[in-house]
2 protein chains.
Amino acid sequence: MAEADDLDTVKKHGSSQTFVKSISHFSISLSTGFPEYSSKLAFSTKTFDKSISQIRRPHPVNTETDRLDAKLVDVAKRAGCSPATVSRVLNNNPKVGLGVRERVLKAATDLGYVPNGSARALRSTRTRLVGAIIPTLDHAIYATMVNSLQTRLSERDVSIIISTSFYDVDMELEQARLLVERGVEAIALVGSTHRPETLAMLEQRNIPYVYTYTSDATAVGAAIGFDNVKAGRMAARYLLDLGHKRIAMIAGITRDNDRAASRRNGFLEELVKSGLGKTDIPVVESAYKIEGGRAGMQALMAAEQPPSAIFCGSDIIAAGAIKYCHDKGLSVPRDVSILGFDNLEIAELTTPDLTTVEVPAREMGTIAGDYLLATPAQREHMRQRELPLRLVVRASTAPIAR
Amino acid sequence: MAEADDLDTVKKHGSSQTFVKSISHFSISLSTGFPEYSSKLAFSTKTFDKSISQIRRPHPVNTETDRLDAKLVDVAKRAGCSPATVSRVLNNNPKVGLGVRERVLKAATDLGYVPNGSARALRSTRTRLVGAIIPTLDHAIYATMVNSLQTRLSERDVSIIISTSFYDVDMELEQARLLVERGVEAIALVGSTHRPETLAMLEQRNIPYVYTYTSDATAVGAAIGFDNVKAGRMAARYLLDLGHKRIAMIAGITRDNDRAASRRNGFLEELVKSGLGKTDIPVVESAYKIEGGRAGMQALMAAEQPPSAIFCGSDIIAAGAIKYCHDKGLSVPRDVSILGFDNLEIAELTTPDLTTVEVPAREMGTIAGDYLLATPAQREHMRQRELPLRLVVRASTAPIAR
DNA sequence: CTGTTAGCGCATTCAC
DNA sequence: GTGAATGCGCTAACAG
């Protein structure tokens, strides 16, 4: 990876492009899906006249004094060429004379010209917009994914519209419809549980979509994530190997949440395979909040024979569970082992540090971005991507005592 | 405010609007800035034909078999009226006969009609799009704000384009330009440090903008947040009142970050006012990461006379600081008091629980949303909003020993 | 290589 | 109340 080279480049070109360039080699280069624009170069650091502001004006504007928004024609006039040529320059069309190109660029910056995205989109059917619908940004695991997704997209000047469904597939459909109306060219979703209408709408309109946090691709949709059932099994295996017999789980709310449900299923499956009676495995569900974990723990530990090991559907739940133990004087992991999921930054803040299953959130975002940016042909090879899960063993789990 | 009416409407139409409506009374109702559309009602739960998908097609489409995207004219034909009338129905124009209206709605749902946002935007100059530029989504404090901002906007079917600047004002300018090109009708920014070109561009094009996390409004821009200097002073005051004399700070990186800088300045100011020599107050800066806090703490505690109280620019830094103490066998707060900032969920995960200054992130997002949705006239009364800061005293701070 | 000609899909004047 | 006409600003054919 040519880290040094890029840093050099960056310094030469000044600061505004810095980030974009410096991270571009983290992912494959996909030139066709969303080709680069040159307009950026032309109009970025333009100085604007600050004094003319605050003039409210109705739709049809044309007072002579109104230099406000130059249009493509104005640029053409100033550059002494046709609108078509200006358009070509803007779109980086190579077959324009060097001289004209420069005159156009100059005229554009002089006028402070900013292209009208709506007109462009209407005419070209390319909006350079993608959408993402996630459950919430309030959970770090999604925020992190979106962050890297957005970063990847911004490298190609593609903007992202984000909406949150609060784990509700009906709301998701509503938002998907709005995104389609906005003309997004592709959509990222979370998980594989969606209203059939949502998918049908996207497929009918030929809008590619990608699932994240799951590896279950559909016939036409892609999936970039991991196998949640496997994740649950991995957790179970680990606790079993530690010698635990009384094992429980605090899952996330499984309604409309296939990831939470699959993790639980895989977990139970593996335990049952190892001889545990399915009904002997206490499972409670709680929201992804510290308080949820605390409450879940309380419910679990109220049993006559409380579990010696507990798998939590998220680190945040695990943190709440540990907190409950502190309050009740239970020692972790001596009295009870706690296993988390996600490997959020907070996994290092609990006492003891949390053993957890790491979810590759950042990587998912980047790769999902690559998928959304790809051409249809390229997408064929990217339809399914199962990223590895990693068990991060820290101090909240231990072999069963005695 | 016709709150009750709205709720009624919602129930009749099924679940998808529920959440949206149910939280709308947390904020004032602003009807004019972004008026409601009715199109939502008409096309939300439509069933689409899944089988016709995956047909790639060039721009001009018109094969008879291509039912793919019905346009407004098609709806008009099917409803037996003029395009103008369909448009009126879509835009909730009251002067359309009830009979026609229903026929139009039916025709639209039958055809699976979805309006073309670009065309609409081009013609009406209303995109129903706003932008937000934040440093990063990887910091919970921003993710939370964006989450509530997006939630508020979605209640009015306004979409949000998010981009991240990574604390770089040049990158911010670049993104602002792109947002303007996309036609956003308003923009939310973080803090009050921006390139003059950025603001000039927005002002020249008459795009309202609002600062968050600060209360420093500009001549034309609004600010919804809190006073960072005051926040720093509050922190200092608290530690002083606890009797501490050797006080230090681990600030965030202050470059391009007025919030971090102001907090530090306010903090120092108050200490100096109380007789401490400015040069006697150790200040280090670190990234908003646990590791940053740990490193900062190490630097601070290496002094001959280490501080007895430390103010951290963020809870995440404070968590790292506490972690360092654990590792080194230092007791918090006996040996050293740690004061955080933000009141993230993690403030309850440290041992001991973290005393911190609470930042109203969620509320800022909601109110900023209100501002962006408001009409120009309404905005006059919302130009500046200083939200209260609250000191949340927990267990990581104590009076100076002896 | 460059200019000319036509719309993209819709909302908004106006008439009626 | 409703319809007919007219562009919004831009890009894509097609000529030359």
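Lettering follows sequence order; numbering is per chain, from 1. We use all heavy atoms of the structure for the numbers below, so side chains are in, but hydrogens, waters and symmetry mates are not.
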When all nucleic acid strands are considered with a 4.0 Å heavy-atom cut-off, which category describes B/V100: base, sugar-phosphate, or nothing?
sugar-phosphate
Does A/N116 put a side-chain nitrogen or oxygen below 4.0 Å from OP1 or OP2 of D/dC10?
no
Based on the rotation axes of five pairs at each end, what angle does the helix from C/dC1-D/dG16 to C/dC16-D/dG1 bend through, to 10°?
30°
Measure the distance from CG on A/L72 to P on C/dG3 and round it to the nearest whole Å.
12 Å
The side-chain hydrogen bond (donor to acceptor under 3.5 Å, both in side chains) partners of A/S87 (sequence neighbours excluded) come to A/N91
Measuring to OP1 and OP2 of C/dG3, would you say a side-chain N or O of A/T85 lies under 4.0 angstrom away?
yes
Whole angstroms only, please: what is the CG-P distance between B/L90 and C/dA11?
6 Å
Pairwise 5' ranking along DNA chain D for B/S82 and B/A119, keeping only the more 5' one
B/S82
Report each atom pair, protein N/O against N/O of nucleotides 14-16 of chain D, whose distance is under 3.5 angstrom.
none

Strictly below 4.0 Å, N to O, side chains only: are B/K106 and B/E102 in salt-bridge contact?
no
Examine D/dG9: is either OP1 or OP2 under 4.0 Å from a nitrogen or oxygen in the side chain of A/Y113? Give yes or no.
no
Kindly write out the residues that satisfy side-chain hydrogen bond (donor to acceptor under 3.5 Å, both in side chains) with B/S165, not counting sequence neighbours, or none if the list is empty.
none
Is B/D69 salt-bridged to A/R205, cutoff N-O under 4.0 Å?
no
Tell me every residue that passes salt bridge (charged side-chain N to carboxylate O under 4.0 Å, His left out) with B/R78, counting only those two or more places apart in sequence or in another chain.
B/D110
Between the side chains of B/Y371 and B/Q378, does any donor sit under 3.5 Å from an acceptor?
no
By side-chain hydrogen bond (donor to acceptor under 3.5 Å, both in side chains) - contacts of B/T198 (at least two apart):
none
Under the side-chain hydrogen bond (donor to acceptor under 3.5 Å, both in side chains) test, which residues partner A/T85, sequence neighbours left out?
A/S82
Output yes when at least one side-chain N/O atom of B/R123 is less than 4.0 Å from OP1 or OP2 of C/dT12, else no.
no
